[in-house]
Protein chains: 4
Amino acid sequence: MRLRFTTAGESHGRGLVTVVEGLPAGLPVTAEWVDRDLGRRMRGHGRGGRMTIEQDRIEWISGVRAGETLGSPVAMLIANRDWANWQEVMAAEAAGAPRERRVTRPRPGHADLTGVLKYDRTDARDILERASARETAARVAAGALARRLLDEFGVTVASHVVALGGIVAGAVDPLDAPGAADHSPVRTLDPEAEAAMVQRIDAARAAGDTLGGVVEVVADGLVPGLGSHVSWDRKLDGRLAGMLMSIPAVKGVEIGLGFAAAARPGSEVHDPIIAGGGHAAPRRGGNNAGGLEGGMTTGEPLVVRIAMKPLSTLMTPLETVDLSSGRSARAETERSDVTAVPALGVVAEALVALVLADAMLEKFGGDSLTEMRRNVDGYRAQLAARWSGERDAAR
Amino acid sequence: MRLRFTTAGESHGRGLVTVVEGLPAGLPVTAEWVDRDLGRRMRGHGRGGRMTIEQDRIEWISGVRAGETLGSPVAMLIANRDWANWQEVMAAEAAGAPRERRVTRPRPGHADLTGVLKYDRTDARDILERASARETAARVAAGALARRLLDEFGVTVASHVVALGGIVAGAVDPLDAPGAADHSPVRTLDPEAEAAMVQRIDAARAAGDTLGGVVEVVADGLVPGLGSHVSWDRKLDGRLAGMLMSIPAVKGVEIGLGFAAAARPGSEVHDPIIAGGGHAAPRRGGNNAGGLEGGMTTGEPLVVRIAMKPLSTLMTPLETVDLSSGRSARAETERSDVTAVPALGVVAEALVALVLADAMLEKFGGDSLTEMRRNVDGYRAQLAARWSGERDAAR
Amino acid sequence: MRLRFTTAGESHGRGLVTVVEGLPAGLPVTAEWVDRDLGRRMRGHGRGGRMTIEQDRIEWISGVRAGETLGSPVAMLIANRDWANWQEVMAAEAAGAPRERRVTRPRPGHADLTGVLKYDRTDARDILERASARETAARVAAGALARRLLDEFGVTVASHVVALGGIVAGAVDPLDAPGAADHSPVRTLDPEAEAAMVQRIDAARAAGDTLGGVVEVVADGLVPGLGSHVSWDRKLDGRLAGMLMSIPAVKGVEIGLGFAAAARPGSEVHDPIIAGGGHAAPRRGGNNAGGLEGGMTTGEPLVVRIAMKPLSTLMTPLETVDLSSGRSARAETERSDVTAVPALGVVAEALVALVLADAMLEKFGGDSLTEMRRNVDGYRAQLAARWSGERDAAR
Amino acid sequence: MRLRFTTAGESHGRGLVTVVEGLPAGLPVTAEWVDRDLGRRMRGHGRGGRMTIEQDRIEWISGVRAGETLGSPVAMLIANRDWANWQEVMAAEAAGAPRERRVTRPRPGHADLTGVLKYDRTDARDILERASARETAARVAAGALARRLLDEFGVTVASHVVALGGIVAGAVDPLDAPGAADHSPVRTLDPEAEAAMVQRIDAARAAGDTLGGVVEVVADGLVPGLGSHVSWDRKLDGRLAGMLMSIPAVKGVEIGLGFAAAARPGSEVHDPIIAGGGHAAPRRGGNNAGGLEGGMTTGEPLVVRIAMKPLSTLMTPLETVDLSSGRSARAETERSDVTAVPALGVVAEALVALVLADAMLEKFGGDSLTEMRRNVDGYRAQLAARWSGERDAAR
């Protein structure tokens, strides 16, 4: 079994659809649990007006009954609450009707220009509606289910903003302050940096500019041995990086020390393995590896950081070309957020949860939560037995 | 059609096998072409003794006849030239025979410890033989075929070292100096940095330590529109990052400006689109995006950087635990390279070539080189016609 | 690019969702086109009362604008028109509420018993709601889009019933009577057999029994060379068989002569290749191969037959065990159709269309209909040139 | 985790390569075990001269050490023992050298003609070398490893010929006579039919003709619940049919009663569920379903039958066209077997074993044999507890 998810939906279309396949049966879920993450995604200083309209909520279409998953595909619909205002522009049918809100001045940094070339379109709205970061709401819904599964096994996934618009937060371990980032308007754990980030955002808004930043995601409570070293596409680091780099506007991913590890000697990078003493498992003398060695979880907290470039739609628009005339123009100004970095962490948590839940299902199988739990518990006992001298008994 | 590749083989086993599926028929290939990249992977200041033994060469097993691909799976064998010395230790059969060269003191930073836990082994050699970076030779062979295909379409893929052991090279565009990196003992294009890097390597060797670094890969000659914005797993940035982060010891990946983009305002990040004038296509006023927007190639050079941590096997070994006793110990010292950063670029080139060739086959299809070329040419003409006013004619 | 589709939804849930990914942009589509196939699936003598309630229709959720595909995932929702009567029984939330319409007497022949064991459920409704053949409506919607694409290339896919309840129809080539099967109450082309089939259905209904049958699907207008001989999972015959055998209640699949080919000598099976004369392509002296040789289309009509067992819910129920008591019982009688064989052809057409559209996209690529058409036309010209002596010119 | 396998190699090339990925570590294997199935594939009345040359044997390249799998990809090489006679004809390099043994008269029924069109070749040898059934040897090697895994869980997979050249064997349950088919020259269990089949083969050889037939594969010892009803591509019946129909020359697949089920009423098809009494699980009052309901194993023996058309190379060749002249000709006569039906069962066993092992890994996970066994045992206990009233205790 493997966890798969599929999203569909345009930004101003009827809504977003997410289908999640491969969850075990018997997992307790509620819409409230999913909506909570959808709500978290919408907050943050620096968002424009649209966020207040949306109030994303899922409707269950399938796969859940009487509060539990059935093992069948779980489909969720997130209706677009602004649909009434867009249904003519985005109508599926009415071929040949004059198109409103046509976009012919592609925004540098966005999919607009390349998309119209690749898909042979004349209206960049046909591209930007899908390339929009709105699609990440559908991923957050999928990730909330993955997180629900992880939660049954004591695995937590948290995030916080470590840099925004060039302001760098001081080092804080988010595991020491669970949930605290959600109380910050920029989802950072450093109060001093928080104030500076808010200021920077306000200044950028005044200048019609946009800001990027860096987010850190930390997952804790993992068993060692998720992922694998045996083949390139089973390595968990690659799977995480692939998933995270697919978030719109993300241009960098690093694990543990990341790029900083490249500048240090090996003696200052690798985490010593410290004998546990008695019947205890060995522990690590650090976590520079960010919880991943050889493409597998080590059991230490998983630490990933991703860099987001500034949003591509500037209110002081950049130079571009008009698709209909071929002449120089100013880019479209479709939307008005200054930064989406606070939301990025919520999206990244969801994707990390999906990758980890998938890796757990891959290793442990399980068609029901009961079965999966039994398999996980058996593995944990096997690991404990290795150090307790009862190894053969546990087999 | 999609390009797939599969590798197999242990570091000191009989050899490595690579199978590449999905290449069009009629592509001219030679063993010499593939061996050239295998040779490039083995060089570089900082490698230990083994590299001189190996002299990797492929033997064709299938998929090629009379100098051309057949469209069927191409299998290549890279024999291990040191096999005679290892055949007892690594024998497939002889169950129960006493095991020589058992590894019970796992190296921090490597797959050793997690691997024995996950796969329930008592000898970490059962893990490290596959987790070894030797496997990347098999990937380089696969990548050489992908590069051969790209070569037919004028796409080049190059790399150079931009940092090693903390020494940062000055900015050089590798497209200005094709092939030059291969003449440097550390594959860098900055002669001053080169000297410092060599010194740093020699010092690390003397200290029994290891070094990491950063490599940049640049691909040129691409059509716009490889990859897609429509679904997370079709985005080219995610596919590149996933592939590159799966290289052993790589802990970071960034595209274009990467992490640096997170600190700048949008007005200084996004690449303006400059009208071409007359019937010319528009061009970009910069390439901060690294040739990728919305998960698609823009047609500008693709620029990716990856960070490699220092090698995990130190001659001054780190603290670990002995698997057989559970007591504290010093880690195994299996191998003696100081750094593999110069080789990393060759590996990364291969993987970038595989991702790009796959994306081209996905977009253009084609069972023969003839057919693929016709499809690519047709698309190029379609793009040109858009700006020349002859768009409808080209349909 | 590859065509993927995902379905979700329970039989009496809120509705069915279908997501189709990978269609080129610019394909003209209408809900009417899709609904037409949904309507065809619901007809046929032998259906019970539910079919008249349903009147399946799709609502576009995404991927289509102004009458054309956008290249993004196309999501369709088929609402369950009987939802008002089921919303308490099938409610997603309300954990712990007493469950109505619990099913504890699993039906032999259905997924009920194995499903509750595998997924660790106590109410077989948790299984049967998804295992129900109602899910095929979602596949028909997906297939209608695939058929729309094929239609642009002159490929047609038709079906007719060749046996029902033991009555065998006389041999008719459905290509000679396009659309005729839809005018028969049992979707057969032999009027005599039709009358006997209707009678057999009426008799089975009176006896509380159910009936199966055999359906033939024929696709015409295909280029030679879809699929491939090179690897097992690229062979088109395997891909067709895998897709078709996944239809609920299908127990057999055969291509061309099928099982009958096993009893004849080779000299009476293989289709001679007849020289075309002049500049014409060669033609076949028969089509016993059913249009597939070596896992590839030959260009002759594709002919597939599938066998459906009788429906598993009998009004005169079979012996079973009660899950709650472990004692002998009579099986649940959830639903009242006598046979679904007439509808089976419509489902099978949809799945054949999906496999063929996927194979075309695999071979020809294409992000827009324009691009795909250019690539297909180029290939057709290449084939024609081979026999006309202008081969080199066409390259 | 999922079991994947990849094959490569041309019929008269250097050899065949098989790579199997996803086996758990710690599985005892020997070359002898694999070679035994390779040997079984080569026997059978009706094979030509080549079979005696071959004596296929594997060489381990990777993934196995000290008699056990390592969890890493297992690569096996089956050298072509006739390579010395073919190395010039099949040489990978030597581009432009005159080609010996060129094939320009494509054989009806084989991939020859379509292959040269699709892949744009002028020598059909470029196609037939890969389309040859010789490739099935590589699949048999992969299947032998899958069977080794199943063997650890008490799952057996056997086969026998039920029809050959129109001679139909009497019904015998192969589970009653394990291994007996291998003692028959045509791998049938009915001695009378055996004699008639041998005669029929001799007569066909005399006539320069070829024969097909039908093979039945039976797997026993399966847990209920492999595969799934939830999505089309997780259904085990579809996965089996897809795999089996990809065998060269197979034109039909059926499960359980198969096509015969289509002619009977439901009351005579579905297998009653008989209460077990006391604490015993219920059992089935028949196995018309062939061990599969709702796309899942029921726990009853899995029964699949496949139909093979006669071989495509006739010594009395069929009409074809010469590719170089476009004129009518007699087809190539590359090879001289009369029938491969006896070998077909061995190939089909291998593929069924691969599908079942994959389904077990999907359901149970497991990186080591120890872990997988613990998970399987836990599930078996869970099932037993359901009927014993100790259900909650077993959770």
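Below, chain A is the first sequence line, B the second, and so on; all start at residue 1.
Your options are C/V64, C/T69, C/I127, and the one with the most heavy-atom pairs under 4.5 Å with chain A is C/V64. Chain A forms more heavy-atom pairs under 4.5 Å with one residue of C/L369, C/V17, C/I61 than with any other, namely C/I61. When C/M90, C/R4, C/E59, C/R14 are compared by the number of non-hydrogen pairs under 4.5 Å with chain A, C/R14 comes out ahead. When the candidates A/A91, A/G71, A/G115, A/A75 are compared by the number of heavy-atom contacts under 4.5 Å with chain C, A/A91 comes out ahead.
The minimum heavy-atom distance between A/P73 and C/R130, with the atom names listed, is CD-NE, 3.6 Å. Pairing each heavy atom of C/A92 with each of A/W60, the nearest pair is CB-CD1, 3.3 Å. Closest heavy-atom contact between A/V19 and C/A8: CG1-CB, 4.1 Å. In plain terms, the two heavy atoms of C/E10 and A/S72 that are nearest each other are OE2-OG, 2.7 Å.
With sequence neighbours left out, the side-chain contact (heavy atoms from CB on, under 4.5 Å) criterion links C/A137 to C/L16, C/L38, C/R41, C/D56, C/I78, C/R134.
With contacts defined as side-chain heavy-atom distances shorter than 4.5 Å, the pair C/T6/A/E21 qualifies.
Contacts of C/V74 with chain A are absent, with no heavy-atom separation under 4.5 Å from either backbone or side chain. For A/L77, the part lying near chain C is the side chain, with the backbone staying farther off; criterion is any non-hydrogen pair under 4.5 Å.
For C/Q87, the CD atom counts as densely surrounded, since its 6.0 Å shell holds more than 12 non-hydrogen atoms of other residues, nucleotides or ligands.
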Extract all donor-acceptor atom pairs below 3.5 Å that involve side chains of residues 24-35 of chain C and protein atoms in other chains or at least two apart in sequence.
unit_1: C/T30; atom_1: OG1; unit_2: C/W33; atom_2: N; d: 3.0
unit_1: C/W33; atom_1: NE1; unit_2: C/A144; atom_2: O; d: 2.8
unit_1: C/D35; atom_1: OD1; unit_2: C/I58; atom_2: N; d: 2.9

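Shown are C/E93, C/R125, C/R121, C/E129; of these, the side chain to side chain contact (heavy atoms under 4.5 Å, CB included) with A/R65 is made only by C/R125.
Between atom CG of residue C/D120 and atom CE of residue A/M372 there is a gap of 14.5 Å, rounded to the nearest 0.5 Å.
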